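As structure tokens, the structure follows; a few thoughts come after it.
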Amino acid sequence: EAQVTQNPRYLITVTGKKLTVTCSQNMNHEYMSWYRQDPGLGLRQIYYSMNVEVTDKGDVPEGYKVSRKEKRNFPLILESPSPNQTSLYFCASSTRGLHTEAFFGQGTRLTVV
Amino acid sequence: AQSVAQPEDQVNVAEGNPLTVKCTYSVSGNPYLFWYVQYPNRGLQFLLKYITGDNLVKGSYGFEAEFNKSQTSFHLKKPSALVSDSALYFCAVRDYMNRDDKIIFGKGTRLHILP
């Protein structure tokens, strides 16, 4: 089954404790992206990757890191989480191109206390 | 820069009535427009897209969308609403300029279908 898998689904952590949210897709997609969803703000792009070893900043990259060592995986790293990073996070993947739709993971609800 | 706007935060419709969720866009070049739906505790799911051709696009779950170039709109519609259609709906445009490849979302419209 074609899918994007994120882990964990829920995470509560303390300020400053490094964490990684994993994202994996099984569709051989070149494009992968991370978004955060906050009430009233919709989805905002954090980072995206157009292929292996190619990553670019989205609209809200501060406080986040990503890597793309393999085509299927695109982890999101918070080196020193802060409470303002409490949010719902989504990973997405697609083929390249203007006309292609994205596939989304189930989401990770992160709370930083 | 490309953008989409969803002017309504929330739309309430009685079950069985037609529904419309509005979206307007601002793009340079040809617009490639999408609708996604988010059910509670789930990720976004693709509903339909406009690439070119017919202005009325049909998608999943009985939804359709009408592309109107003169009004720069891409409204989502369904002839008869179901309670199970209650969800958060996002309009989106894909922006591919130079090296960038971004999907830009509207802020979302929460649809409530009243029994």
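Given the structure is predicted, the values throughout are model-derived calculations rather than measurements.
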Quick one: do A/Y48 and B/Y32 end up in the same hydrophobic cluster if we chain Ile, Leu, Val, Met, Phe, Trp and Tyr together by side-chain heavy atoms under 4.5 Å apart? yes

If you count heavy-atom pairs under 4.5 Å between each of B/I103, B/I104, B/N30 and chain A, which one has the most? B/I103

Working to the nearest 0.5 Å, report the span between CG of B/L88 and CG of A/L43. 8.5 Å

Salt bridge or not between A/D56 and B/K102? Use side-chain N to carboxylate O under 4.0 Å. no

Using non-hydrogen atoms only, which part of A/Q106 is less than 4.5 Å away from chain B: side chain, backbone, both, or neither? both

Close side-chain approach of B/L44 to A/Y35, heavy-atom, < 4.5 Å: no

Under 3.5 Å: donor-acceptor pair, side chain of B/Y36, backbone of A/A102: yes

Need one label for A/T100: side chain, backbone, both or neither, based on atoms under 4.5 Å from any heavy atom in chain B. both

Once rounded to the nearest 0.5 Å, what's the spacing between atom CZ of B/F105 and atom CD of A/Q37? 9.5 Å

Under 4.5 Å from any heavy atom of chain A, what part of B/I51 do you find: side chain, backbone, both or neither? side chain

Can you find a heavy atom in the side chain of A/H99 that is under 4.5 Å from one in the side chain of B/T52? no

Side chains of B/R94 and A/Y31: closer than 4.5 Å at any heavy-atom pair? yes

Do A/M50 and A/F103 share a hydrophobic cluster, counting only Ile, Leu, Val, Met, Phe, Trp and Tyr and linking them when any side-chain heavy atoms are less than 4.5 Å apart? no

Approximate separation, where rounding is to 0.5 Å, of B/F34 CZ and A/S94 OG: 8.0 Å

The reported gap from CG in B/N41 to CZ in A/R109 (rounded to nearest 0.5 angstrom) is 7.5 Å

Side chain, backbone, both or neither: which part of B/Y50 has an atom under 4.5 Å from a heavy atom of chain A? neither

Nearest-0.5 Å distance, CZ of residue A/F90 to CD of residue B/Q38: 4.5 Å

